[in-house]
Number of protein chains: 2
Amino acid sequence: MTNIKKVSELAGVSTATVSRTLKDPDLVSPQTREKVMVAVQQAGYRPNWMATSVKTGKSNSIVVLVPNLVNPFFMRIIEGIEQAAQEKGYSVLLGDTQGSASREHEYASMLLTNRADGLIQLDHSFPFSQDDAHLVGNLPVVSVCERIEGDKKYPVIELDNYAAARAVTHHLISYGHRSFGVIAGQISSQIHHDRLAGIKSVLAEEGIVFDEAMLVGGSYKIETGVEGVQQLLTRAQPPTAIICFNDDIAIGALYAIKKHGLRVPQDISVTGFDNVRVAAYMDPPLTTVDQPAYQMGRRAVEVLIQQINRQPLTRTREILPFSLLERQSTGPVSKPNQH
Amino acid sequence: MTNIKKVSELAGVSTATVSRTLKDPDLVSPQTREKVMVAVQQAGYRPNWMATSVKTGKSNSIVVLVPNLVNPFFMRIIEGIEQAAQEKGYSVLLGDTQGSASREHEYASMLLTNRADGLIQLDHSFPFSQDDAHLVGNLPVVSVCERIEGDKKYPVIELDNYAAARAVTHHLISYGHRSFGVIAGQISSQIHHDRLAGIKSVLAEEGIVFDEAMLVGGSYKIETGVEGVQQLLTRAQPPTAIICFNDDIAIGALYAIKKHGLRVPQDISVTGFDNVRVAAYMDPPLTTVDQPAYQMGRRAVEVLIQQINRQPLTRTREILPFSLLERQSTGPVSKPNQH
DNA sequence: AACCTGACTGTAATCGATTACATATAGTCA
DNA sequence: TGACTATATGTAATCGATTACAGTCAGGTT
């Protein structure tokens, strides 16, 4: 590797001058600048990133903790993160945690070893290990979608899940539905509680009691949707509308419902969350809640970099707008509840 | 930040001893080790990653260049990359290029600045800029799926696209199809040529002439499938089978065909490539070529690390097995070509 | 002529580690 | 006891940059 020393010798100047030529050319006379640039070219010199980082104490990298990479919704967020980071001169270290706490800890500890300047968490767990917890002072951390558990208050970019769930429920109620099934994703998260609370609040207003037996599921997977429908259809009074907590679940639900010989939306209406790319091309196209995933990723980076630069945060919670996309997987109840 | 100096003072030893305690404890007496560990704990010391990297000359990071993140097939590969990297003590820098050459150059130059030790390319372009090209000696680079263009021969982990395309075509021929449409992805790639050649070879053997007007498309997107079908259906003799070069295209094709009031597979058979997660849950479930994406990612990392460690490569081209998944989007021709 | 200023460049300290080399101490053996 | 060895630790050089500080020199001012 060619280093700054070689270049300085080649140009017949000191290393300081080389460094200045590259970092702050105005400090160097045009003649010297020229000499140095020639030497740089000739030697094919590129400053060693690690050396610069040691000196400046900044890595210009951020870690992104993501439970898995197969969920297209996460990828939209990460796309936003990546592009905003790139624009601001940061690079993104990908931390696929597979939901494992120890992997989270490992990645989170990158902040403590100066390997990364900040962390974006897409899951809801406190990312640091118990051993590290007392060291994390106010390390730059932002969460997207989920609020981070624990005492420390980290800024969060999220959706108004309560309102979104209310909107979905209202939409279905307006079609005359009164019997609802819910296929949930990860149960232990704030999102889950908010959405469920949103649904129940509307039902309460309509005087409908939500039967807890109508709540199934437990992870954001297609298979959860398939199994969820199987369970719901064995109930004495199957629901006429099924609210799925993401589009993958909804895709599984569509599949299972049709497999049972029932039609969507004539027999059962189905809704999702996220508006993944394929949602609009399902048969029928999926009614779902659009989340500005890309934008959420971008905002997360902006807020994170604010923290990194020790700028005061204007607020610790940012709620981005959703929109309910009414497609063809929802429709009027055809046969009224025989109950 | 607590550094090694502080810890050494706290423990009453030299920095060398602290470093040895953490890196090679056998060199240190049990008593001193104990003292140091206590000091490390108390100070909450974590070695500065950047400093270690400067000294060792290794970053233990790899860059992954990916044209976009929304393609779930890429994400399966990256998942494999990420996990293999993690196991081997490497971390992954995500380089979303959006197909832009300058972004590729920027990310690729991380190898020249010691920011990363190796690079995995998921696209087909030579990732370095012209300026850098003479510097890249034998920097560790591996490509997955696509062969990298240019003179330099980089190892590649790929699928036997020719054979896979032949298998798909044979499958359709066995159902009696004789009139084929093809909706292609990125035209300028090796994959494209291999697959097209595979299809044509089978057709030639069957004495079928491939009508070049039946080749449409140009990018790996759902919309390409939708538009592709629209074009193909305006042909004087619409095809009875459509081969799509990835599942996203196929999903768009299914959607468009049904929108035209035709049935799959009764009127038109459709096939994809990749076997993305949703493929099995389409209506009808998609016949597609399964690629071992996760495994390809893992292998790429292994081969890359071999290069990083300057171990000789046993071979520069590795072809992983595909399997044709026959689902319900393909079936016998119902109405024989009226031709 | 003496002094000052500003532009440019070099010397050397520094970032936070690792490690070659030197040194000290205790233990072993003839 | 003296020589030798092994073990443990410290000193200081080193990785490849950045930058505070100091020095040089030309030109301008009084």
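Computed from a predicted model, the values in this text were never measured in an experiment. Naming convention: chains lettered A, B, ... in sequence-line order (proteins, then strands); numbering from 1 in each chain.
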Could you tell me if S100(A) and T97(A) have a donor-acceptor pair between their side chains, going purely by distance under 3.5 Å? no

Can you list everything that forms a salt bridge (charged side-chain N to carboxylate O under 4.0 Å, His left out) with D132(A)? Sequence neighbours excluded, please. R46(B)

Grab the two heavy atoms, one from A85(A) and one from V92(A), that are nearest each other, plus how far apart they are. CB-CG2, 3.8 Å

Using a 4.0 Å cut-off to any heavy atom of chain B, which nucleotides of DNA chain D are the first and last in contact, reading 5' to 3'? dA8(D) to dG16(D)

Do any pairs count as a ring-ring contact (aromatic ring centres under 6.0 Å, His included) and have a residue in residues 23-81 of chain B, sequence neighbours left out, and if so which ones? none

Hey, does R115(B) have a side-chain heavy atom less than 4.5 Å from the side chain of S91(A)? yes

Shortest non-hydrogen contact between M75(B) and L69(A), atoms and distance: CB-O, 3.5 Å

Residue pair L304(A) / I62(A), side-chain heavy-atom distance below 4.5 Å: yes

Once ring-ring contact (aromatic ring centres under 6.0 Å, His included) is applied, what residue pairs with a partner in residues 117-146 of chain A remain, sequence neighbours excluded? F126(A)-F128(A)

Could you tell me whether the side chain of S109(A) and the main chain of L112(A) form a donor-acceptor pair under 3.5 Å? no

Sorted by chain and residue number, the ring pair (Phe, Tyr, Trp, His ring centres under 6.0 Å) partners of Y294(A) (sequence neighbours excluded) come out as none

Could you give the angle between the helix axes at the two ends of the helix from dA1(C)-dT30(D) to dA30(C)-dT1(D), with five pairs per end, rounded to 10 degrees? 60°

By a strict heavy-atom criterion of less than 4.0 Å, which residues belonging to residues 111-118 of chain B are in contact with DNA chain D? none

For DNA chain C, what residues of residues 50-57 of chain B have any heavy atom nearer than 4.0 Å? A51(B), T52(B), K55(B)

Tell me what K5(B) touches on the nucleic acid: a base, only sugar-phosphate, or nothing, going by heavy atoms under 4.0 Å. nothing

Side chains of S59(B) and N114(B): is there a donor and an acceptor less than 3.5 Å apart? no

List every contact pair, protein side and nucleotides 8-11 of chain C side both N or O, where the distance is under 3.5 Å.
from, atom 1, to, atom 2, distance (Å)
dT9(C), OP1, S29(A), OG, 3.0
dT9(C), OP1, T32(A), OG1, 2.1
dT9(C), OP2, S29(A), N, 3.0
dT9(C), OP2, T32(A), OG1, 3.3
dG10(C), OP2, S14(A), N, 3.0
dG10(C), OP2, S14(A), OG, 3.1
dG10(C), OP2, T17(A), OG1, 2.7
dG10(C), N7, R20(A), NH2, 2.7
dG10(C), O6, R20(A), NH1, 3.2

Which pairs with one or both residues in residues 36-45 of chain B pass salt bridge (charged side-chain N to carboxylate O under 4.0 Å, His left out), sequence neighbours excluded? none

Does the distance from a Lys or Arg side-chain N to an Asp or Glu carboxylate O, for E302(A) and R299(A), drop under 4.0 Å? yes

Can you name the residues that form a salt bridge (charged side-chain N to carboxylate O under 4.0 Å, His left out) with R310(A), not counting sequence neighbours? none

Which residue pairs pass the salt bridge (charged side-chain N to carboxylate O under 4.0 Å, His left out) test with at least one member in residues 79-108 of chain B, sequence neighbours excluded? E87(B)-R298(B)

